[in-house]
Amino acid sequence: MSGSGSRVRSIDPATLPKHFDPAEAAARWGEAWEKAGVYAWDPQGTREETFVIDTPPPTASGSLHMGHIFSYVHTDIIARQRRMLGLNVFYPLGWDDNGLPTERRVQDYFHVRCDPTVPYDPDLQVEPATAKIRKGRARLVSRENFIALCDQVTVMDEEAFRDLWRRAALSVDWSLEYATIDDHCRRLAQLSFLDLFAKGHVYNTYAPTMWDVDFQTAVAQAEVEDRDLPGAYHRIEFGVEDSERSFTIATTRPELLAACVGVTAHPEDERYRDIFGKRAVTPLFRVPVPVFPSEMADPEKGTGILMVCTFGDATDVIWWREEGLELRQLVGKNGRLAEVTFGEEGFESLDPEAANRFYAEISGKTVKQAQKRMVELLGDPDGSATGNGAPLRADPEAIQHPVKFYERGERPLEYVPTRQWFVRLLDKKQELLAKGAEVKWHPPFMHARYADWTEKLSLDWCVSRQRYFGVAIPVWYPLDGDGNPDHERPILADAASLPIDPMSTPAPGYEESQRDKPGGFTGEADIFDTWFTSSLTPQIGSHWTLDPDRHARLFPTDMRPQAHEIIRTWAFYTIAKAMLHEDAIPWKHAVVSGWILDPDRKKMSKSLGNVETPLPWIEKYGADACRYWSGSARVGVDTAFDEKVLKIGKRLVTKIFNAGKFVLAQEAETHPVSAELDRAFVAELRALVERATAAFDEFQFAQALQETETFFWTRFTDTFLELAKGRARGDAADAAAQGSAVAALRLGLSVLLRLFAPTMPAITEEVWSWAFADETGEPSIHRAPWPSAADFDGIAGPDEAASLERAVAAWTAINKAKADAEVSSGREVESLTLAASADTLAGLAPVLSDVLAAARVHGHTLREDPTLEADAFRVEDAHFVERS
RNA sequence: AGGCACGUAGCUCAGUGGCUAGAGCGCCGCCUUGACACGGCGGAGGUCGGCGGUUCAAUCCCGCCCGUGCCUACCA
């Protein structure tokens with residue numbers, strides 16, 4: 001165990017810059033990492049040695065904020081730690097660019113609207129819209145041109161995101177980049193549809209569906225949100241056919257009176273029992289409608305009796321279906337009241353002439369306009385069905401009530417009967433719940449969000465959208481002799497032909513010339529819900545059905561990072577897809593990040609105007625400091641944005657830089673760790689590694705960081721380093737003692753750098769490169785082995801576990817004496833007396849010289865004082881050297 | 001209205017059935033020290049949201065309440 005004359009010294013501090021420049025280092029290392037392929041996934045790795053991340057594909061809508069940094073850095077920290085564990089990390093990044101967010105951004109950016117009836121213009125050039133252009137009417141462009149503009153904008157937006165990810169030092173493997181609109185993803189999504197069709201999990205049907213009148217598309221349950229809006233109960237008197245009887249219903253949607261197809265009340269409601277089975281007569285339109293009892297009617301609400309319309313709400317749809325009521329659809333796809341004629345089939349009236357006169361007043365109006373006019377009309381006694389005067393029996397009673405909106409929409413959803421494709425899920429709730437329970441959620445309570453949503457699911461998944469920028473549904477329909485499509489017998493695309501667009505490719509067995517001709521075919525114009533594609537991200541990465549070998553290596557994935565507000569969409573649909581396709585779970589762990597809140601604890605979002613854009617912060621504090629901020633927030637916990645944390649991160653980076661500089665500048669003979677103080681430090685270090693590793697195993701990166709950071713400051717730089725400093729510099733004559741100190745300091749630095757590396761990749765790589773890269777043969781710390789027992793091989797434990805603690809206590813006591821005397825803690829001490837219990841003094845002996853050196857004490861006396869508690873020290877009779 | 005989470009120092013957050021409840025920032029005092037003034041040392045500051053209960057012992061477990069946030073439900 002001799003140094004045999006070999007010496008260590010790695011750097012001359014004079015050659016290093018005084019301060020660390022994070023921006024310069026980040027740029028330099030970013031380039032080096034990419035060049036060296038540090039983050040490359042090895043396609044030959046087995047499933048066991050591979051760690052697969054199902055990265056969320058961001059919507060590159062052009063708005064970047066700290067929330068993006070926050071959650072993606074969480075994932076990156078895990079990725080880097082798993083890579084250091086020796087795992088073959090599969091860490092792709094995709095872009096979820098299809099769907100409405102992109103369409104909306106394109107509409108705004110160019111001030112255009114898609115109109116499928118406009119012919120394609122191959123030479124179309126559109127400049128970004130100016131404020132002046134936006135004042136005019138939007139330019140109408142063809143479907144093909146619109147899609148091309150979407151492609152153009154997504155490429156541009158993705159560049160901004162890609163730059164941010166690089167600046168944040170995300171260790172993604174860019175060779176695995178994909179976009180949900182690219183050929184591979186379109187192919188996968190269409191293959192998914194074919195598989196679901198073959199297994200009987202999809203169907204198309206004509207039914208009332210939630211419809212956004214602005215975007216003019218169907219939407220799924222998961223995309224619907226309630227908003228509290230002011231409304232009003234309108235009390236309207238109805239008559240009863242062949243009777244003097246009348247009753248008053250209460251409704252918030254008087255504009256749908258002409259769509260009334262029934263009246264209902266609770267079966268036990270004494271007030272209305274006599275008219276069940278009779279026909280009520282609506283005012284104004286004089287339409288007879290059945291009165292029926294229903295358990296769903298609440299006697300406490302309104303007047304206890306209500307009109308059923310096609311369609312005012314979800315309950316109307318149920319009544320309509322269960323009671324087999326007429327369909328009188330008034331609200332059209334554009335949100336305006338359709339033109340109808342009373343007296344014709346489906347719109348029977350006891351007085352068609354009056355009905356049509358009244359209806360003419362609201363026909364073609366928007367729902368809102370129609371309501372206003374309707375209230376006026378209801379004030380007209382001529383409209384009464386009973387002869388009791390104006391049908392509106394009271395002033396409207398203002399209420400506040402929840403109204404369903406498409407989450408991105410501006411006007412309430414309407415139920416409009418349309419033909420849509422659905423994935424059948426309602427009959428599989430139990431299986432979906434079982435699959436959700438198989439996934440390990442972090443934090444565990446996030447599982448409740450999934451289970452809650454799944455249990456309360458009330459509609460199958462509507463996957464068709466009447467939009468343009470997205471993945472086409474790969475079907476056609478044969479046309480009969482009259483040109484009517486047969487939706488019951490869709491023609492499916494051949495799997496080998498995917499991806500295809502049925503609007504530009506003819507159906508198999510047909511010629512393009514037969515498109516939309518009687519006896520020919522028609523293409524499905526709808527596209528898929530964007531979640532239909534993004535729910536396949538695990539399979540997109542694994543090349544499901546296309547490359548079985550790769551699929552076996554990558555599916556199911558290990559980790560799905562995501563935000564909690566999209567558990568009901570992305571997480572739910574991904575679980576559903578994996579189950580329907582392969583009866584599998586898509587990932588073993590779902591790691592759910594919290595939100596970034598502004599200092600007022602409001603969610604940071606574009607619509608609230610409280611977003612912090614990340615680039616200025618990266619420039620001010622450096623990527624490592626921003627990552628430190630992200631990495632200090634625990635999984636699943638909402639976190640307020642706080643600049644103070646960035647400052648702390650930057651301070652830590654500086655401290656690592658300086659500590660590294662000091663440790664690696666020490667020159668000594670090579671010796672093993674042998675001194676008591678050093679062994680005590682190494683024992684603590686070993687325990688730290690165990691705690692940090694255990695935390696990472698459970699995806700608790702914040703805990704690992706906090707443990708490491710606390711240890712770094714309080715056990716390493718502020719204490720051990722200070723206590724061992726003198727010996728390391730060679731103040732003691734003993735070369736072995738000096739070598740031990742240097743070896744322990746270097747081991748401490750090496751281990752701490754590696755523990756910090758996942759969170760702060762640039763500074764740790766920088767310091768690593770000064771010495772350890774060559775020594776270990778690991779050119780990048782990000783491929784270096786994660787600290788483990790192997791790092792401490794051959795180092796004996798301390799004689800007493802508390803040696804370091806005791807040394808610190810004695811040193812602190814001397815420092816306090818200096819503080820009390822208002823002298824610098826660096827002041828030399830001529831002499832002092834150190835009092836402590838006999839046992840404590842005995843325990844201090846092996847580390848005493850380090851304490852005295854650190855405190856710069858020249859002469860000392862030890863005094864036994866049995867009144868002092870264990871490991872308590874008192875400094876007496878201190879005489880300080882006068883400053884020269 | 002149900003469910004979930006949260007409520008700890010001025011601020012941002014850790015933490016645990018048991019010594020005297022912690023960190024950083026901020027504040028006060030001292031120290032230009034030899035890796036680091038982008039630093040060091042010392043200090044003040046808390047009825048751990050409230051009320052009950054279980055326990056030898058509760059900030060932690062249980063119940064109720066108050067407050068905050070989120071998810072879900074609620075269009076007559």
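Within every chain, numbering begins at 1; the chains are lettered A, B, ... in the order of the sequence lines, protein sequences first and strands thereafter.
- Separation of the P atoms belonging to B:rC65 and B:rA73 is 24 Å when rounded to the nearest angstrom.
- With a cut-off of 3.5 Å on both pairing distances, the Watson-Crick and G-U wobble pairs of RNA chain B assemble into stems of 3 or more at B:1-7 with B:66-72, B:10-13 with B:22-25, B:27-31 with B:39-43, B:49-53 with B:61-65.
- Listed by first and then second residue, the side-chain hydrogen bond (donor to acceptor under 3.5 Å, both in side chains) pairs that reach into residues 646-660 of chain A come to none, sequence neighbours excluded.
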Please report the C-alpha distance between A:R715 and A:E805 in whole Å, then the side-chain angles of each, then the deciding distance to 0.1 Å, and finally whether the salt bridge (charged side-chain N to carboxylate O under 4.0 Å, His left out) criterion is met.
CA-CA 9 Å; A:R715 312 311 291 169; A:E805 192 57 55; 3.1 Å; yes
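- Considering only side-chain atoms of A:K301, the nucleotide from B:rG10, B:rC74, B:rA5 that sits closest is B:rC74.
- Looking at the side chain of A:D226, the nearest of the listed nucleotides B:rG34, B:rC4, B:rC74 is B:rC74.
- What separates CZ of A:R729 from P of B:rU33 is a distance of 14 Å, to the nearest Å.
- Taking atom P in both B:rU54 and B:rU59, the straight-line distance is 15 Å, to the nearest Å.
- If you look at A:Y621 and A:Y628, their ring centroids are not closer than 6.0 Å.
- Here, B:rG26 and B:rC11 have their P atoms 16 Å apart, quoted to the whole Å.
- A distance of about 30 Å separates the C1' atoms of B:rG24 and B:rC66, rounded to the whole Å.
- Distance from the side chain of A:A640 is smallest to B:rU12 among B:rG15, B:rC31, B:rU12.
- The 5' end of RNA chain B is approached more closely, in terms of each residue's nearest nucleotide, by A:M446 than by the other of A:V663 and A:M446.
- Of the P atoms belonging to B:rC62 and B:rU68, the separation is 23 Å, rounded to the nearest Å.
- A cation-pi contact, defined as under 6.0 Å to the ring centre and within 45° of the axis, is absent between A:K301 and A:Y233.
- Ion pair A:E698/A:K440 flagged as a salt bridge, since at least one NZ, NE, NH1 or NH2 atom sits closer than 4.0 Å to an Asp/Glu carboxylate oxygen.
- Atom name C1', nucleotides B:rC6 and B:rC60: the rounded distance is 15 Å, in whole Å.
- For the pair A:Y628 OH and B:rA14 C1', the computed distance is 11 Å after rounding to whole Å.
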Counting primed atoms plus P, OP1 and OP2 as sugar-phosphate and everything else as base, spell out the protein contacts along nucleotides 37-46 of chain B at 4.0 Å heavy-atom distance: B, S or - for each nucleotide, 5' to 3'.
SBSSSSS---
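- Contact annotation: A:K404 reaches the phosphate of B:rC74 (side-chain N/O to OP1 or OP2, under 4.0 Å).
- Contact annotation for A:L721: base contact, defined as any heavy-atom pair under 4.0 Å involving a base atom.
- Ring centroids of A:W629 and A:F641 are separated by less than 6.0 Å, placing the two rings close together.
- Taking the ring pair (Phe, Tyr, Trp, His ring centres under 6.0 Å) definition, one finds that A:H74 meets it with A:F70, A:F701, sequence neighbours left out.
- Ring centers of A:Y415 and A:W320: at least 6.0 Å apart, outside the cut-off.
- Open room surrounds NZ on A:K368; 12 or fewer heavy atoms of other groups in view lie less than 6.0 Å from it.
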Determine whether A:W441 and A:F699 satisfy the following criterion, ring-ring contact (aromatic ring centres under 6.0 Å, His included), listing intermediate values before the conclusion.
CA-CA 10 Å; A:W441 299 78; A:F699 300 88; over 10 Å; no
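- In this entry the distance linking NZ of A:K644 with C1' of B:rA23 reads 12 Å, nearest Å.
- For the atom pair CH2 of A:W531 and CZ of A:R568, the computed distance is 10.0 Å after rounding to the nearest 0.5 Å.
- Atoms CZ (A:R856) and P (B:rU33) sit 9 Å apart, rounded to a whole Å.
- Pairs passing the salt bridge (charged side-chain N to carboxylate O under 4.0 Å, His left out) check and including a residue from residues 220-233 of chain A, sequence neighbours excluded, read A:E223-A:R465, A:E225-A:R227, A:D226-A:K404.
- The separation of B:rC48 from B:rG42, taken at their C1' atoms, amounts to 26 Å, rounded to a whole angstrom.
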Quick test: give all pairs of protein nitrogen or oxygen and nucleotides 70-72 of chain B nitrogen or oxygen below 3.5 Å, distance rounded to 0.1 Å.
unit_1, atom_1, unit_2, atom_2, d
B:rU72, OP1, A:R568, NE, 3.1
B:rU72, OP1, A:R568, NH1, 2.3

For A:V851 and A:I814, what are the C-alpha separation, side-chain angles and deciding distance, and is it a side-chain contact (heavy atoms from CB on, under 4.5 Å)?
CA-CA 9 Å; A:V851 173; A:I814 300 171; 4.2 Å; yes
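- No contact: A:L256 has no heavy atom under 4.0 Å from any strand.
- Using a 4.5 Å heavy-atom threshold, the side chains of A:F572 and A:L425 count as touching.
- Comparing B:rG29, B:rA14, B:rG34 against the side chain of A:V637 picks out B:rA14 as the nearest.
- At a threshold of 4.0 angstrom between heavy atoms, the contacts of A:P402 include nucleobase atoms, whether or not backbone atoms are also involved.
- Counting to the nearest Å, the C1' atom of B:rC36 and the CD1 atom of A:I656 are 13 Å from each other.
- The distance from atom CD of A:E822 to atom P of B:rC28 is 16 Å, rounded to the nearest whole Å.
- Checking the phosphate oxygens (OP1, OP2) of B:rG15, a side-chain nitrogen or oxygen of A:R634 falls inside 4.0 Å.
- Rounded to whole Å, atom P of B:rC75 lies 11 Å from atom CG of A:L306.
- Summary of the strand contacts: A:A448 and A:A297 both lie near RNA chain B, and taking for each the nucleotide with the nearest heavy atom, the more 5' one is attributed to A:A448.
- Using a 4.0 Å heavy-atom distance criterion, A:G312 is classed as a base contact.
- Spacing between atom NZ of A:K818 and atom P of B:rC31 amounts to 14 Å, rounded to whole angstrom units.
- Look at the P atom in both B:rG34 and B:rG40: the space between them is 14 Å, to the nearest Å.
- Contacts of A:E643 with the nucleic acid, taken as non-hydrogen atoms under 4.0 Å apart, are absent.
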